[in-house]
Amino acid sequence: MTILTLLLVSHLVTPVDASVRLDVYPPAAVLASKRATFQFVVTGHFANGETRDLTREAAFTPSSDAVEVRGGVAFPKKDGKAEIAVAVGGQTVKVPVEVSGQTKPDPVRFRTETLAVLTRHGCNAGSCHGSPEGKGGFHLSLFGYDPLIDEESIVRGGLNRRVDAFSPAESLLLKKPLMRVQHVGGKMLNKTDLGYRVLLAWIAEGARTDDDKQAACVKLVVHPGPNRILKSPHLGQQLSVTARFADGTSRDVTALASFEVSHKEVLSVSDSALVTGLKRGQGAVSVRYLNHLESVHFTVTEDVEGFRWPGVPETNFVDQHVHGKLKQLQVMPSGACDDATFLRRVHLDLTGLLPPADAAKAFLADTSKDKRAKVIDALLESEEFARFWALRTADLMRVNAKTLPEGRAELFAEFLIDGYRKNTPFDRVATEILTASGDATKVPAANYFLATPDLTDLAETTAQLFMGSRVNCAKCHNHPFENWTQDDYYSIAAVFVRVKKAGKVVSVAGTGETTHPTSGRTLAPYGVGAVGDAKADRRVAFANWLTKPGNPYFARVEVNRTWARLFGRGIVHPVDDFRSSNPPAIPDLLDALAAAFEKSGFDRKDVVRVICNSQTYQRSTATNKFNEDDEALFSHYPIRRLTAEQLQDAIGFTTGSLAPPGGVPAALAKAEKDALAAPTDKGKQAAFKKLRDRAEYATQRLTPEQSPFLMAFGQPKRESPCACERIDEPTVDQALQLLNGPLVAGKLTAAAAGYGKLADAELVDRLWLAAFSRAPSEAERTKALDHLKRGANRSDAVRDLVWAVMNTREFLLQH
């Protein structure tokens, strides 16, 4: 029996508990015009702590004929006052209602009703007439963001055939969506729809568009919200949508709003705003009215047969929040990973490198209870950690030698490394980047501005990196999936409009403004409004606003990126797509991490330490029947392929062609720093080159040259601030590189020479420790030794064995 079937059955056979406490929304209402309505939402609170929607079980009885209720919606009938008795389960709540304006004209409003109907029926969506070029010669602004464009196109466009005030029903605006004449978009309207009645009345009234002086909608309120739990078998939830206007008035717009769900396999929503849970999981319902978008997050739960919460340990608040969500959705977590898996995992995540074989052997033999915590602490203080984590940041900052030549890429890279090396608070790092000025050969952070080609790119990059938001859609129109408007977009640009770039020098002018491309209005810098000193550097005020504790973006975005680096996906996924319609998988966890990050003084290492010490991070990749479908709640550690740089270094280390990752990266860092400080010193340049050539650690070099191997495995070109530029999809080229590519072939030759000197048993043990951080199983040992003994040519046998090891899933994947 499906959840939906259970829901339908429950409404027929499940009595409402007489002890229920009722909440009725709205508690009081005013119907001030002929077409005014309001949607009731009735909520029951039960003794077991459960809360559920009872709107469709309730009976509504008005005390007078001034108002009537149909299907949970109140309609005015005549001026007067009334009380509506809302009864369910033996409980009654009375809602006072005042009705007025029933004898006055109530013309349809173009901006708040006609355009809302077009949005509700999809006419001005990006896939229809709201696309940049329109459809079929008919162009509308996206979701009605520009009424002037829509007025011109609807009323005066199309040879004046779109609206016909003399024969309203013959207007193309109605005939096409009704399919009375050919319409590529298909049938989008029925004569029984409220939208049809609104459009027909608007046209009959003369298609008036002179309501531009009326108060604009400034806010959308969705009830209930923002989070709701639907527990089987009670899986329905009625929504009510209210628009608040600049003059202080409010209007129920439930019947004019449009609704969309983020996870259609989890939720559905009807035109009447009834949300229904379909299966266990989480999702969001986005509610749009004109340019306003609000989202309500839903968790759909059901009792899972055989589920019992195991007695799993909790190391810190990370586990508490993750376990809370897993319990709620009845997802059983996997057990802890073994020591070898943990050691390999944490080394790869924190340094990009495999642990040295000797270190792995010692760790496996260590019986102390705190050995994992000690390893985490040691790795966080290593040079390798600073360089590897800075490398991932350099990807997003576009640290590219082609874009930043003459050593400036290396200088900017060293700045990023030093931030991790010294554990500089991230608010200081961000502020130094966003407010940098001067000669970029001497001021490393100034290269942030030189790496971006223009003002709009700088606004989009800053929003994406530090605010986790993709605002580029708002450049030409209001964002279709979020509340980012054109005003917001150009207000972010206003922060940086006075930044000047001349060669390698970044400076800030005392004047310069950004104007709205349509209205021509001058826009104040985003987040800070008007700056007191008109000539002051606006970037300083913006950076102060951005990094202030409590900012809705900064801390949450950074801890989410940190989480994604350790798990392969963020709590918000993708990491740079924070929006209400893309909710966090575990909201409380994200909030707690952000709060801890702020409390620590924006200590990035502290966030990594907390996460890595959690049981959540140290779980096994093995799944059970309760969590095998989980991809977002971190009930098991997610398997992912090594990054291009990790894989190249793992191959180099396992084959013995790279020096052990201990002192070389640190020595390389010092030599690189000396070389950068003395660009004309040939001795220091040569020393750096020699060390670099000896230790080609791709994970430790922030400005590497692109190679066929690295490109095949997704190394980004660093041409955008998007994490999506680093790809991890499997390709044929990857298989060819591992099969017989020049890099692998060369490394195997080195492996044959190095491992060939060892006795067979020692060779196998050493190879397994290097590749997997563990000893071989008896079966693996037997097969490997048998292979070496049967080989006619020992060098070829060793080469084949190492190649086979490097092509296993255990080697190629982070697990």
Side-chain ion pair, [X] and [Y], N-O less than 4.0 Å:
| X | Y | value |
| --- | --- | --- |
| E294 | K219 | no |
| R392 | E645 | no |
| D338 | R345 | no |
| D427 | K548 | no |
| K625 | E305 | no |
| R609 | D603 | no |
| R421 | E383 | yes |
| R774 | E810 | yes |
| D728 | R640 | no |

| said: Quick check on side-chain hydrogen bond (donor to acceptor under 3.5 Å, both in side chains): which of Q615, E314, Q328 does H323 satisfy it with? | reply: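 Checked Q615, E314, Q328 against H323; only one passes side-chain hydrogen bond (donor to acceptor under 3.5 Å, both in side chains): E314.
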| query | Which atom names give the shortest non-hydrogen contact between L812 and M806, and what distance separates them? | reply |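 The answer is CD2-O, 3.3 Å.
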| field | Pair D23-H45, side-chain donor/acceptor within less than 3.5 Å | value |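 Yes, side-chain donor-acceptor contact under 3.5 Å.
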| Side-chain H-bond candidate by donor/acceptor type, R565 with T393, under 3.5 Å |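 Distance-only check passes for R565 and T393.
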| query | Strictly under 6.0 Å, is that where the ring centroids of Y25 and F40 end up? | reply |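 No, the ring centres sit 6.0 Å or more apart.
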